[in-house]
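These numbers were taken from a predicted model, which means no experiment stands behind them.
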Amino acid sequence: MENKKNFFDGAFGKLILPGIVLQSVLIGGGYATGREIVEYGAKFGAMGWLAGVGTFLGFAIIAALSFELIRLYKVYDYKSFIKEIGGPLWIVFDIVYFLFMIVIIAVMASATGSIVEQTLGLNYWVGVAAITIVVGVLNFFGARLIERFETYGTIALYIGYIIFAIIVISNNHQNMSQVFATGDTSFVPNTTAPAILWSGVLYCAYNLVVVPSSFFTIKRQTKTSESIISGIIGGILMTIPWFLTYFAVMCFYPNEDVLAASVPWLSMMQGVAGPVVIGIFGIVMGWTLIETSTGIIHACIERVNNGLGELHKNEMTRPQQAILTLVILIGAMILSRIGIIDLIATVYNGLAYAFLIIYVVPLLTVGVYKIIKKHKEQNGKQYQYQVKREG
């Protein structure tokens with residue numbers, strides 16, 4: 001008798017799980033504080049939704065093409081993947097990925113530590129230590145536990161974001177209506193639609209660091225339709241919180257107390273939510289750091305294990321994976337407290353362009369060519385097999 005398939009091995013694992021992992025890793029570095037949405041969309045006021053459209057299209061197209069290439073060539077870690085589309089560029093990608101990993105975790109640690117301190121009254125390092133331990137445990141147990149943690153965490157975080165958005169919008173929707181009715185773009189005057197769309201593309205580009213975190217989930221996919229559908233679902237899941245944040249910010253546009261705040265979400269909620277909701281918000285922010293750090297570091301571990309395999313050495317043991325996780329986290333935490341974050345964060349756009357050059361351009365050129373080539377090879381073999389059977 002065949003063993004009953006696990007829920008994660010069926011349609012959910014093939015179509016929805018890749019998007020859930022992408023979204024759950026994106027949430028911390030991408031839109032947890034709201035600062036990123038202001039910088040790459042909400043600051044444009046009534047026209048900012050165009051950046052959200054650019055973000056969705058970017059994520060959906062890149063995810064679908066990445067998943068299909070991974071499925072066809074069975075490249076489940078980012079070194080093997082980049083080798084397929086960029087050859088020696090994998091070395092550059094290694095460097096950029098490592099830099100981005102440290103920067104994003106450090107930025108999130110700094111923001112989350114401050115938020116937890118302000119909302120829950122906990123010492124900065126108590127929150128950081130708790131998060132570090134949880135991320136270390138998750139990477140100790142590996143992919144199966146991470147899949148479940150990210151899935152249930154995404155459900156909880158979506159509920160939290162929807163509640164936060166409802167609270168903010170229900171209390172300030174008149175201002176949002178006014179912004180759209182008048183076409184207000186006063187915070188960034190003289191902007192253009194192409195510039196706003198490009199801002200969304202850049203936002204997508206600098207968040208491409210999260211895509212390798214989903215590679216291990218593609219092992220279940222067997223058809224092109226699964227790659228396309230899961231890519232579109234990933235794009236939708238990663239964009240919904242973007243629009244929730246955008247519409248919430250529009251309730252205060254163009255108020256500098258919100259748009260110039262380091263954590264716009266906290267600024268928006270402090271005026272309309274009680275201490276209990278603010279406390280829950282602090283917990284949610286801590287959770288986002290856990291999900292983001294876990295996913296990004298897990299992709300790094302997969303890369304290291306693949307490299308060890310190429311050298312005919314054993315993969316890292318669970319304790320070694322946990323130790324590597326802790327070293328990365330501790331390094332990022334230290335950086336977040338010595339003032340280097342302000343300096344490094346200024347290169348976000350530079351790193352976004354780096355990802356466009358070493359990931360997006362090769363994927364849209366070499367990657368698309370290889371996908372078409374592989375499909376032709378498979379169709380040719382299938383045709384020959386059919387002719388042979390009929391003959």
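With hydrogens and angles ignored, the 3.5 Å screen pairs a side-chain donor or acceptor of Lys43 with a backbone N or O of Glu39. Between the side chain of Arg71 and the backbone N or O of Ile218, no donor-acceptor pair lies under 3.5 Å. Formation of a donor-acceptor pair under 3.5 Å by the Asn306 side chain with backbone atoms of Glu302 is not found in this model. At distances below 3.5 Å, not a single donor-acceptor pair connects side-chain atoms of Asp184 with backbone N or O atoms of Gln178. With hydrogens and angles disregarded, no donor-acceptor distance shorter than 3.5 Å links the side chain of Thr191 to the backbone of Val188. Using modelled atom types, one side-chain atom of Gln320 and one backbone atom of Thr317 make a donor-acceptor pair closer than 3.5 Å. In this structure a side-chain-to-backbone donor-acceptor pair under 3.5 Å is missing from Asn172 to Cys251.
There is a path of hydrophobic side-chain contacts, each under 4.5 Å, that joins Ile357 to Ile91. Clustering ILVMFWY residues whenever any of their side-chain heavy atoms sit less than 4.5 angstrom apart, transitively, puts Ile236 in the very cluster that holds Phe243. Cluster membership for Leu244 and Ile166, using ILVMFWY side-chain heavy atoms within less than 4.5 angstrom, is shared. Tyr369 is not connected to Ile85 by any chain of hydrophobic side-chain contacts under 4.5 Å among Ile, Leu, Val, Met, Phe, Trp and Tyr, and they are in different clusters. In the hydrophobic cluster analysis, where Ile, Leu, Val, Met, Phe, Trp and Tyr join through side-chain heavy atoms closer than 4.5 angstrom, Val361 is grouped apart from Leu363.
The closest side-chain heavy-atom distance from Glu68 to Thr224 is below 4.5 Å. Residues Phe215 and Pro18 form no side-chain contact, since every pair of their non-hydrogen atoms from C-beta on lies 4.5 Å or further apart. Residues Pro264 and Leu259 have side chains not in contact (no heavy-atom distance under 4.5 Å, counting atoms from C-beta outward). Side chains of Tyr73 and Ser80 form no contact here, defined as non-hydrogen atoms less than 4.5 Å apart. Residues Leu65 and Leu69 have side chains not in contact (no heavy-atom distance under 4.5 Å, counting atoms from C-beta outward). Between Val168 and Val249, the closest side-chain pair of non-hydrogen atoms is not below 4.5 Å. The closest side-chain heavy-atom distance from Tyr353 to Leu356 is below 4.5 Å. Side-chain contact between Ile371 and Lys374: absent, with no pair of heavy atoms (C-beta onward) separated by less than 4.5 Å.
Between the CD1 atom of Ile169 and the CE atom of Met268 there is a distance of 9.0 Å, given to the nearest 0.5 Å. If you take CG on Leu308 and CE on Met316, they are separated by 6.5 Å, rounding to the nearest 0.5 Å. Between atom CD1 of residue Ile196 and atom OH of residue Tyr40 there is a gap of 15.0 Å, rounded to the nearest 0.5 Å. Of the inter-residue distances, the one linking Leu329 atom CG with Ile297 atom CD1 reads 4.0 Å to the nearest 0.5 angstrom.
Qualifying side-chain contact (heavy atoms from CB on, under 4.5 Å) partners for Lys74, counting only residues two or more places apart in sequence or in other chains: Tyr76. A search for ring-ring contact (aromatic ring centres under 6.0 Å, His included) contacts involving Phe355 returns Phe93, Phe100, not counting sequence neighbours. With sequence neighbours excluded, the residues that form a side-chain contact (heavy atoms from CB on, under 4.5 Å) with Arg318 are Phe140, Phe141.
Applying the side-chain hydrogen bond (donor to acceptor under 3.5 Å, both in side chains) test to every pair with at least one member in residues 83-97, sequence neighbours left out, gives these pairs: Tyr78-Asp94, Glu84-Lys370, Asp94-Arg303. Counting only residues at least two apart or in different chains, side-chain hydrogen bond (donor to acceptor under 3.5 Å, both in side chains) contacts with residues 229-249 comprise Gln221-Ser230, Thr245-Trp265.
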Stepwise, does the side-chain contact (heavy atoms from CB on, under 4.5 Å) test hold for Glu315 with Val304? CA-CA 8 Å; Glu315 293 185 353; Val304 172; over 6 Å; no
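Note on Glu310 versus Lys79: salt bridge recorded, some NZ/NE/NH1/NH2 to OD/OE distance being below 4.0 Å.
For CD of Glu256, the number of neighbouring non-hydrogen atoms (other residues, nucleotides, ligands) closer than 6.0 Å is 12 at most.
Within the 6.0 Å centre-distance limit, the rings of His298 and Phe216 are counted as a close aromatic pair. A ring-centre distance under 6.0 Å is found for Phe81 and Tyr359.
Using bins of under 30°, 30° to 60° and over 60° for the plane-to-plane angle, the ring pair Phe59/Tyr203 lands in the perpendicular bin.
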In a table with atom names and distances, give each donor-acceptor pair under 3.5 Å that connects a side chain of residues 45-55 to protein atoms at least two apart or in another chain.
from: Trp49; atom 1: NE1; to: Ala46; atom 2: O; distance (Å): 3.3
from: Thr55; atom 1: OG1; to: Ala51; atom 2: O; distance (Å): 2.8
from: Thr55; atom 1: OG1; to: Gly200; atom 2: O; distance (Å): 3.3

